Amino acid sequence: MKVTEHLERAKGKTLFSFEVLPPLKGENIRSLFDHIDPLMEFKPPFIDVTYHREEFVFKKRPNGLLEKITTKKRPGTVAICAAIQNHYKVDTVPHILCGGFSKEETENALIELQFLGIDNVLALQGDAIKNEGRFIPHPLGHHYASELVQQIVQQNSGRYLDEDLQNPQPSGFCIGVAGYPEKHFGSPNLKTDLKYLKHKVDLGANYIVTQMFFDNGRFFEFVKNCRENGINVPIIPGIKPITTKTQISVLPTVFHIDIPEALAEAVEKCKDNAAAKQVGIEWAIQQSKELMSFGVPTLHFYSMGKSDPIYGIAKALF
Ligand code: FAD
C-alpha cells in the first residue's frame, strides 16, 4: 500500500515510522530483524530502507603498491525491502538515487520493485561518493532528484524509455522526496531550495520527508513557507535522537543542521555517552510531543542502526 494511503487512513492521527540501514556486507538479515523486532510493537505502517553508494578504498598489495578498489559496504536495499515486507507484512520505502544509476538502470530497478510488490520509493539525488567531495551524476543518469521524479511519473503513466514496447503497463509508485527545514547545504538560500522542492512536487512527488532537525521552530517555519508557496503535499518530520556526546559536533558537520544551545549545553554537561543518550531521548520525546500537537502525519525516526533509543521514545508517545 502507498504511504499516502496510510496517511489518509490514519485520519489525522500521527503514525510512527522509521528508517533502517542495510546491514554491513557479510552480516545476516537476522541482525536487521533483531533491530526491527522491538519497534513492531508500535505498528509502523511503513519502513524506509536507505541506499548506500559504492565507495573507493585503497588496499596495500604485497608489492607495496596501493590498489584502488570499488566496494559497496551496505548492499541489498531492494532485497531488504522485499524481505521486510515478506517477514513483517509491512510496507517498505526503498530509497532510490540519481547517483550511480543510468536512466535505464533506474527503469529496470523500478520494474523489479513493482514485481516485488513494493509501492513506494523515496527519490533522492544521493550523497557524493566518499573521497569525491561533490556529487557527480552518472553520464547517462540524472543530476537532480526532480529528474528522477519525472522518470518515475512517466513510468507510472506507462511511458518507458523503450518506446517500442508492445503492451507497457503503468507502474503505481507513491513518490516521496527530501526536504530541508534548515536548507540543503548546496543551496544558496532557503528560498531557492524551496523553489526546487516545489519543482519536485509539481512534477508529481506525493509527500516530503525532512532532514533531521532539533528545533521544532525551524520545522514549523518550513511547513509555513511550503504552504505559502503552494506545496500542499504531506510533510513528514525526520527525528534523530542524540545518542553520544560527539554527535553534537558530528551531526552538524555531516548533515548541515544546527543543534540548539540548550541541547548542546545539556549534552556537554553529561559525564558519559549513557547520560548523553538519556538527554537525547528526552529531547526527542519533547520534540515529538510538540510535533504531534501540531498535527504531523507521521513521526519518522532515523534509527542509524540502533533501535533502543527509538523504542524508548515510541514507548513514551504511542
Ligand atoms: P535534490 O532535490 O536534487 O537537490 C540537491 C540540491 O540541488 C539542492 O541544493 C537543491 O536546492 C538543488 N537543486 C535541485 N534542483 C536543481 C536545479 N534544477 N538546478 C539547480 N539546483 C537544483 N543519501 C543517500 O545516498 N542515500 C539515502 O538513502 C539517503 N536518504 C535520505 C533520506 C532523507 C529523508 C534525506 C533528507 C536525505 C537522504 N539522503 C540520502 C541524502 C541526500 O541524498 C542528500 O542530501 C543529497 O545531497 C540531496 O538529495 P535531494 O534528493 O534532496 O536532492
Side-chain angles (χ1 to χ4, degrees), residues 3 17-22 46-55 72-78 80-81 92-101 106 109 120-138 141-152 175-213 218-219 222 225-226 229 231 233-240 251-257 296-305:
V3 166
S17 70
F18 58 95
E19 172 188 291
V20 295
L21 278 59
F46 58 91
I47 298 172
D48 275 50
V49 183
T50 54
Y51 192 97
H52 298 258
R53 296 271 318 262
E54 65 277 19
E55 292 178 29
K72 273 193 180 177
K73 291 192 175 164
R74 294 183 183 274
T77 299
V78 171
I80 287 163
C81 286
T92 50
V93 185
H95 293 189
I96 60 165
L97 310 182
C98 300
F101 287 85
T106 297
N120 304 286
V121 289
L122 189 72
L124 300 151
Q125 183 182 60
D127 290 326
I129 294 184
K130 276 185 197 152
N131 328 18
E132 273 192 350
R134 67 187 176 88
F135 175 80
I136 300 173
H138 187 290
H142 300 299
H143 192 147
Y144 296 110
S146 53
E147 298 161 23
L148 185 53
V149 170
Q150 205 164 19
Q151 180 174 359
I152 305 163
I175 309 168
V177 289
Y180 301 82
E182 299 177 52
K183 173 180 106 55
H184 180 260
F185 65 88
S187 196
N189 54 62
L190 265 168
K191 212 170 170 189
T192 308
D193 207 22
L194 209 65
K195 179 180 85 177
Y196 290 124
L197 177 60
K198 180 164 164 39
H199 186 50
K200 292 192 275 195
V201 173
D202 288 347
L203 286 170
N206 303 106
Y207 71 100
I208 295 165
V209 187
T210 76
Q211 180 59 281
M212 66 180 75
F213 57 89
R218 299 284 188 103
F219 176 79
F222 174 71
N225 285 334
C226 284
N229 282 279
I231 300 174
V233 295
I235 302 177
I236 296 175
I239 315 285
K240 152 90 182 101
L251 297 178
T253 309
V254 176
F255 297 102
H256 310 270
I257 44 97
V296 297
T298 298
L299 289 169
H300 186 69
F301 290 93
Y302 296 114
S303 70
M304 294 187 166

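As the structure lists them, so they are numbered: ligands from 1, and atoms in each ligand from 1. Values in this document were obtained by computation on a predicted structure and should not be read as measured data.
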Any donor-acceptor pair under 3.5 Å from [X] side chain to [Y] backbone:
X	Y	value
Ser146	Lys200	no
Asp193	Ser187	no
Thr92	Ile47	no
Gln211	Pro181	no
Asn229	Ile231	no

To which protein heavy atom is [atom] closest, and what is the distance rounded to 0.1 Å?
atom	answer
atom 10 (C) of ligand 1	Asp193 OD1, 3.5 Å
atom 4 (O) of ligand 1	Tyr144 CD2, 4.5 Å
atom 51 (O) of ligand 1	Gln125 N, 2.9 Å
atom 41 (C) of ligand 1	Asp127 OD1, 3.4 Å
atom 3 (O) of ligand 1	Ala145 N, 2.8 Å
atom 36 (C) of ligand 1	Ala178 CB, 3.5 Å
atom 29 (C) of ligand 1	Leu124 CD1, 3.5 Å

Please could you name the atoms of ligand 1 that [X] approaches to less than 4.0 Å, counting only its heavy atoms?
X	result
Gly186	9 (O)
Leu122	32 (C)
Ser187	9 (O), 11 (O)
Thr50	28 (O)

Going by the closest heavy atom to [atom], which one wins out of [options]?
atom	options	answer
atom 18 (N) of ligand 1	Phe135, Tyr51, Tyr196	Tyr196
atom 45 (O) of ligand 1	Tyr180, Phe185, Tyr302, Phe255	Tyr180
atom 43 (O) of ligand 1	Gly99, Gly126, Ala123	Gly126

Exercise. May I ask whether Lys200 places a heavy atom under 4.0 Å from ligand 1?
Key: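 True for this residue.
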Quiz item: Does even one non-hydrogen atom of Leu148 get within less than 4.0 Å of ligand 1?
Solution: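 Leu148: no contact with ligand 1 (<4.0 Å).
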Self-check item: Distance, nearest 0.5 Å, that separates OG1 of Thr50 from OH of Tyr302
Solution: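 If we round to the nearest 0.5 Å, Thr50:OG1 and Tyr302:OH are 11.0 Å apart.
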Practice problem: State the CG-CG distance between Asp48 and Leu122, to the nearest 0.5 angstrom. | Solution: 6.0 Å
Quiz item: Is there a protein heavy atom less than 4.0 Å away from atom 47 (O) of ligand 1?
Solution: yes
Would [X] count as a polar contact of ligand 1, with the cut-off being nitrogen or oxygen pairs under 3.5 Å?
X	result
Gln211	no
His184	yes
His95	yes
Thr192	no

For residues [X] and [Y], determine if any side-chain heavy atom of one lies less than 4.5 Å from a side-chain heavy atom of the other.
X	Y	value
His95	Thr77	no
Lys240	Met304	yes
Val121	Pro94	yes

Quiz item: Is Lys130 atom NZ crowded by more than 12 heavy atoms from other residues, nucleotides or ligands, each under 6.0 Å away?
Solution: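 Not more than 12 within 6.0 Å, no.
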Quiz prompt | Which segment of Asp48 sits under 4.0 Å of ligand 1 when only heavy atoms are counted | solution = neither
Exercise. With heavy atoms only and a cut-off of under 4.0 Å, state how Leu97 meets ligand 1: side chain, backbone, both or neither.
Key: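 Looking at Leu97 and ligand 1, just side chain atoms fall under 4.0 Å.
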Quiz item: Is the gap between the ring centers of Tyr51 and Phe101 under 6.0 Å?
Solution: yes
Quiz item: Aromatic rings Phe222 and Phe219: how do their planes relate, parallel, tilted or perpendicular, breaks at 30° and 60°?
Solution: tilted
Exercise. If the plane angle is over 60° it's perpendicular, under 30° parallel, otherwise tilted; pick one for Phe135 and His143.
Key: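 Geometry flag for His143 against Phe135: tilted rings.
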